[in-house]
Amino acid sequence: MDHAIQLPCDGDGLCMKCKTKPPTEETVTCCTCITPWHVSCLIEPPPTIASALVWVCTDCSGLPESVPLGNATGGGDLVSAIRAIEADETLTEREKARKRQELVSGRVEEEDEEEKKKKRKGKERTSEDDVSALLDKFSCSFCMQLPERPVSTPCGHNFCLACFEKWIKQGKRTCIKCRNIIPAKMASQPRINSALVAAIRMAKLSKSTIAGPTEVHQYKQNEDRPDKAYTTERAQKAGKANAASGKIFVTVPPDHFGPIPAENDPQRHQGVLVGECWEDRMECRQWGAHLPHVSGIAGQSGYGAQSVALSGGYQDDEDHGEWFLYTGSGGRDLSGNKRTNKDQSFDQKFEKMNEALRVSCKKGYPVRVVRSHKEKRSSYAPEKGVRYDGVYRIEKCWRKPGIQGFKVCRYLFVRCDNEPAPWTSDEYGDRPRPLPSVKELKDKKLKDITDTTDRKESPSWDFDEEDGRWKWKKPPPLSQKRRVETGNPEDWKRSRKIIRQAQKSSVRDKLLKEFSCLICSQVMSLPITTPCAHNFCKVCLEGAFAGKTLVRERSRGGRSLRSQKNIMLCPSCPTDISDFLQNLQVNRELMDVIESLKRETEEIAEDPAADLSEEEAANEIEENSDPADETEAERACKRKKVDTNPEGVKEAEGAQKEDSPSSTLQIQTSDEDLY
DNA sequence: AGTATCCGCATT
DNA sequence: AATGCGGATACT
């Protein structure tokens with residue numbers, strides 16, 4: 001069984017079978033696909049040097065049996081088989097494309113499996129399937145990951161820019177997927193397909209949605225509250241100063257650590273983004289970045305602190321943007337009816353909120369940071385309102401006498417967010433940085449520093465070198481807040497379902513928006529990606545050049561001159577695409593995505609649970625409750641394993657686990673700002 | 001423009 | 001019951 005598997009050399013020239021790099025004299029190149037193969041790893045190496053020159057690899061000669069073939073000489077039959085498909089009038093464009101793909105990739109079983117899957121499931125298809133199918137379809141043939149900075153060949157296949165460039169650099173001029181010639185222009189100047197960039201970004205987003213059950217927290221009586229902070233009758237005197245909180249828009253529990261992800265933002269499906277601004281603390285609270293509307297620290301002693309606000313309330317604070325020194329709370333006399341008091345009259349201790357911060361320090365939890373315009377001494381504070389600046393870790397904390405003479409708790413915060421800070425023009429977020437030198441820890445007055453706490457254990461939130469991003473290295477602390485039951489569990493289920501639908505339809509809307517034809521502005525049908533990376537419907541593009549021929553006959557004075565090539569410019573840019581127009585290839589991967597998204601949108605539109613007719617919705621939930629979904633996800637998972645080439649299982653599984661392609665090198669080294 | 005005062009709300 | 005890096009207002 002195993003001996004039958006034949007593998008060529010990979011992009012680096014390494015034989016994928018023996019994993020060594022064979023010398024040139026030990027390689028033989030397929031005369032059809034120009035792929036190099038390691039001679040000693042071939043079951044049937046070419047017997048003579050002469051035969052090596054016309055040798056055809058197993059991929060090109062060993063075509064699937066279902067394909068009608070003449071004699072077994074390979075390349076020529078491939079062409080005739082493709083012609084046979086093109087000539088078959090019973091097939092639609094889409095089926096033809098699929099057949100062609102099957103033919104050249106030799107993945108007939110896989111496609112059959114997909115067909116069966118469709119038949120088996122029929123109307124049971126769920127959006128999750130579509131989204132994971134999307135991820136499968138999009139993977140770059142070189143690195144098996146979602147393409148980073150995707151480029152599309154005129155034959156309609158999509159790859160990472162870096163992978164594609166590597167391939168070209170090796171002198172390859174054929175598409176790895178279909179062996180079509182890559183035009184010189186595409187080879188020398190590949191263009192990013194921006195529609196795909198958006199699609200992939202959204203696909204990643206959806207993937208994180210399906211990756212695991214999202215913790216959805218419903219606030220008590222939240223739905224009864226208005227969208228804005230409001231004043232109760234009793235509190236109307238001081239307006240917003242005494243306002244009650246409006247609706248909480250995010251579904252993270254109040255003791256959620258770290259960034260607020262898109263899954264918990266049913267309204268916008270984008271989560272809380274770094275740099276987001278709010279009018280005041282009440283509005284900031286509604287988006288979950290920092291819940292307490294007066295207190296500067298959100299946390300629980302013995303559990304940890306989730307967020308802090310920098311708003312100039314303590315003169316000992318010291319802000320350097322990427323790091324800052326924060327002062328604990330307390331030490332002030334708030335007796336009487338005071339809420340704040342600038343004057344310190346006793347020492348702060350590591351208790352209550354100060355202790356919560358110390359727990360986050362010891363555990364290395366990510367702490368969300370908001371800066372308020374009230375902080376006047378910092379250059380990093382916003383001019384107006386309150387701004388979310390991302391997550392920081394507390395690397396160290398201690399106590400020392402504050403400016404007012406009494407002891408204060410001190411915390412060293414260092415930024416560790418995957419998004420760049422609002423004040424930088426950096427394209428990327430933080431990298432681990434050495435601890436800043438803190439003056440008060442270096443001074444000779446070190447005796448003033450007491451109760452120093454460093455982190456002993458490895459931090460829960462840390463930088464993953466492989467992934468090139470910060471993530472939970474240990475599971476985040478389990479929420480201690482009980483989910484609030486809304487009385488009727490069906491209500492809760494239903495609202496959860498509605499939230500999930502809203503999330504999905506927002507993904508779809510955005511995707512469809514990205515996929516509109518540049519000519520008709522409608523969602524593309526039979527999408528074509530030009531070599532200059534613009535996307536059109538096949539019909540629109542053909543229509544734009546209707547009646548124009550590639551060459552123009554010229555005649556003067558009765559004698560005919562040499563015919564001249566007609567220049568045909570891309571409808572969106574001044575690139576001559578006349579050669580490309582002669583053989584338009586639909587970007588099938590793109591088409592499949594559009595098709596599945598359209599289908600989902602229609603399903604949602606027909607879904608009786610989408611409109612709130614109560615009984616229908618309740619019934620719908622009965623039929624399609626969570627356990628069913630999970631089973632389906634498991635099935636999808638199993639299918640994936642079956643589909644994968646046994647040799648590639650290990651790699652593919654590794655790739656599936658990560659939520660982003662580990663192609664940091666491409667990201668880091670490119671100068672172009674494409675995202 | 002800065003600040004003292006006051007009090008409602010959310011959370012511990 | 002106690003605490004708290006809000007916010008409008010009236011005043012310097």
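Every chain is numbered from 1 and lettered A, B, ... according to where its sequence line falls, protein lines coming before strand lines. All values below come from the heavy atoms of this structure, side chains included, with hydrogens, waters and symmetry mates left out.
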> What parts of residues 290-317 of chain A reach DNA chain B, counting only heavy atoms under 4.0 Å away?
Replying inline: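 Those residues are A:H293, A:V294, A:G299, A:Q300.
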>> Contact list please: residues 323-336 of chain A against DNA chain B, heavy atoms, distance less than 4.0 Å, in numerical order.
In response: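 Result for residues 323-336 of chain A: none.
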>> Once you measure the plane-to-plane angle for A:F350 and A:Y411, does it fall in the parallel (<30°), tilted (30-60°) or perpendicular (>60°) bin?
In response: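 Plane angle over 60°, so perpendicular.
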> Would you call the rings of A:H320 and A:W323 parallel, tilted or perpendicular if under 30° counts as parallel and over 60° as perpendicular?
Replying inline: parallel
Rounding to a whole Å, what distance do you find between [X]:[atom1] and [N]:[atom2]?
X      : N     : atom1 : atom2 : value
A:E351 : C:dT3 : CD    : C1'   : 12 Å
A:M282 : C:dA8 : CE    : C1'   : 13 Å
A:K338 : C:dT3 : NZ    : P     : 11 Å

> Do A:D462 and A:R393 meet the salt-bridge criterion of a basic N to acidic O distance under 4.0 Å?
Replying inline: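 The answer is yes: the pair qualifies as a salt bridge.
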> Charged N to carboxylate O below 4.0 Å: is that the case for A:E318 and A:K439?
Replying inline: no
>> Less than 3.5 Å apart, any donor N or O on the side chain of A:W278 or A:Q286 sitting next to an acceptor on the other?
In response: no
>> Between A:R339 and A:N341, do the side chains contain a donor N or O and an acceptor N or O under 3.5 Å apart?
In response: no
> Base, sugar-phosphate alone, or nothing: which one does A:A235 contact when heavy atoms must sit under 4.0 Å apart?
Replying inline: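 Answer is sugar-phosphate: A:A235 comes under 4.0 Å of backbone atoms only.
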> Which part of the nucleic acid, if any, lies within contact of A:T231, taking any heavy atom under 4.0 Å across all strands shown: a base, the sugar-phosphate backbone alone, or nothing?
Replying inline: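 Nothing, no heavy atom under 4.0 Å.
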>> Which helical stems does DNA chain C take part in, if a stem means at least 3 consecutive Watson-Crick or G-U pairs with both distances below 3.5 Å?
In response: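 Result, WC/G-U stems under 3.5 Å: B:1-7 with C:6-12, B:9-12 with C:1-4.
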What protein N or O atoms touch nucleotides 9-12 of chain C N or O atoms at under 3.5 angstrom, if any, and at what distances?
none

Set of side chain to side chain contact (heavy atoms under 4.5 Å, CB included) partners for [X], sequence neighbours left out:
X      : result
A:T232 : A:Y230, A:R234, A:A235
A:P477 : A:F257, A:Y303, A:Y365, A:W472
A:Q348 : A:Y314, A:T327, A:Q344, A:N354, A:V408, A:C409
A:T424 : A:E322, A:P420, A:A421, A:D426

>> Could you tell me if A:R268 sits above the aromatic ring of A:W287, with its cationic atom closer than 6.0 Å to the ring centre and no more than 45 degrees from the axis?
In response: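 A:R268 over A:W287 ring: yes.
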> Which two nucleotides bound the region of DNA chain B that has atoms under 4.0 Å from heavy atoms of chain A, read 5' to 3'?
Replying inline: B:dC7 to B:dT12
>> Assess the residue pair A:E419 and A:L273 against the criterion (side chain to side chain contact (heavy atoms under 4.5 Å, CB included)); give the C-alpha distance rounded to whole Å, side-chain angles, the decisive distance to 0.1 Å, and a yes or no.
In response: CA-CA 8 Å; A:E419 299 301 318; A:L273 305 176; over 6 Å; no
> Near DNA chain C, under 4.0 Å by heavy atom, which residues of residues 364-386 of chain A?
Replying inline: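 Contacts with DNA chain C under 4.0 Å: A:K374.
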> Of all of residues 394-414 of chain A, which get a heavy atom below 4.0 angstrom from DNA chain C, listed by number?
Replying inline: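 Under 4.0 Å from DNA chain C: no residue of residues 394-414 of chain A.
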> Which atom names give the shortest non-hydrogen contact between A:P366 and A:W461, and what distance separates them?
Replying inline: CD-CB, 3.5 Å
> Got a sec: does the NZ of A:K400 have more than 12 other heavy atoms crowding it under 6.0 Å?
Replying inline: yes
>> Taking NZ in A:K349 as the centre, count heavy atoms belonging to other residues, nucleotides or ligands within less than 6.0 Å. Is the count above 12?
In response: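 Counting neighbours around NZ of A:K349, 12 or fewer heavy atoms of other residues, nucleotides or ligands fall under 6.0 Å, so no.
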>> Between A:Y388 and A:I260, does the side chain to side chain contact (heavy atoms under 4.5 Å, CB included) criterion hold? Intermediate values first, please.
In response: CA-CA 11 Å; A:Y388 173 60; A:I260 295 168; over 6 Å; no
>> For a side chain to side chain contact (heavy atoms under 4.5 Å, CB included) check, start with the C-alpha distance between A:K362 and A:K456, then their side-chain angles and the critical distance, and finish with the verdict.
In response: CA-CA 7 Å; A:K362 286 181 192 160; A:K456 301 282 189 307; over 6 Å; no
> Judged by atom type as modelled, is there a donor-acceptor pair below 3.5 Å linking the side chain of A:D430 to the main-chain atoms of A:D417?
Replying inline: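 A pair under 3.5 Å: yes.
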> Who passes ring pair (Phe, Tyr, Trp, His ring centres under 6.0 Å) against A:H373, sequence neighbours left out?
Replying inline: none
>> Check for me whether the distance between the ring centres of A:Y392 and A:F324 falls short of 6.0 Å.
In response: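 Centroid distance A:Y392-A:F324: below 6.0 Å, so yes.
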